[in-house]
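Notes for the one structure printed next.
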Amino acid sequence: MSSRMRQVLPRAVRRSNRTHQRIPRAWHLFNADGKVVGRVAAAAAHLLQGKHKPVFNRSKDCGDYVVIVNAEFVNFTGKKWKKKIYRHHTGYPGGLKEIAAKVMRDRKPERILERAIKGMLSNNPMMRKKQMSRLRVFPTDLHKHENQIAQIPQSEHHVDNFLSPRKVETVEVYWEKFPDYDELLYKNNEPMPQHGWIQADLEEDVYEVDE
Amino acid sequence: RRPSTGGQALFNATMSGMKKKLVFKFAKGFRGRAKNCHRVARNRVEKAMQHAYKGRKLKKRDNKKIWIGQINAGSMQYGLAYNQFMHGLGKENIQLNRKMLAELAENEPYSFESLVALIKPSITRLSIQKSNFEEVGYKGMQLGNMPPEITEEQ
């Protein structure tokens, strides 16, 4: 028996010690009106897993929320509305249920997209359940996540890379601070720089003055 | 027998050469009888060392996979796929390895952006992923535009 006592910090402290590992989750909105099912599903699964983040790792759940709207008006190519059949077995003898995609659209249109996306996510049941719970599908234009979608998360660590605009001055100076000058400036006899941030030394002979 | 020194040399060829004390030292944290009973522990330790041998090789593969995915995500922010990005780096003779590129993509975004700007003239094709999001009716994250070229004058 060792004399060392294993120190257990209180739960609040343990969680706060991991703040550098926290990844903020963003909300994304898809309008599926007239779009192809598989393509919407592929893009949504890409975001649900968090594969658009340079922080991506399967060991941590870094996925985002996805809201899909107008799921009723999503499109299948070819004759799939008639021919694509969703099958499941209830467990009882003779209990094979076969539902055509057309019928599924009438009964519960969200299931078409949900099922497509579920098949595109990883097979790990813990991850898949959590990621599917972050997927919200609505048949019409109405969705109840307007507040979440309006707010884009801002954090000190990672999200600045791909969500909020860049704020470092040096970058702005290099690329954005010196737009094309208007004709007014030339008329007012102001010196015209050749490159944005280099002051060109122009000779007086080259520079014509209108009087 | 004289005990040999050094890491690998401590363990002789057969498991019978490994002393009981060493077996139990390895078996710390094992489940049930495998940590306390020598016969069980000996088998589990042997298996554990096999797993460790395999894992040392798998670790290198798994990490490279993760880095490639992270670089892909980082370069997609500028409309570039991983393959185009690496092709551009090769053309410009930038010898950064995937580990460093992934770390840049995660922690040094402006350095990563400057890499993208460096290789932009040597790339003819932009990837399709960026346009797919528009096809699919996606409104949300705004993927950044490609930074302008770095010319010799600047």
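- For A:Arg128, the CZ atom is densely surrounded, since the number of other residues' heavy atoms within 6.0 Å is greater than 12.
- The side chain to side chain donor-acceptor pair (under 3.5 Å) test applied to A:Arg58 returns A:Gln49, not counting sequence neighbours.
- Residue B:Arg44 qualifies as open at atom CZ: its count of foreign heavy atoms under 6.0 Å is 12 or below.
- For A:Arg87, the salt bridge (Lys or Arg N to Asp or Glu O under 4.0 Å) partners are A:Glu98, not counting sequence neighbours.
- Residues of residues 88-95 of chain B never come within less than 4.5 angstrom of chain A, heavy atom to heavy atom.
- Applying a 4.5 Å heavy-atom cutoff, the residues of residues 65-75 of chain B that approach chain A are B:Ile66, B:Gln70, B:Ala73, B:Gly74.
- Under a cut-off of 6.0 angstrom, the local environment of NZ in A:Lys118 is sparse, with at most 12 non-hydrogen atoms contributed by other residues, nucleotides or ligands.
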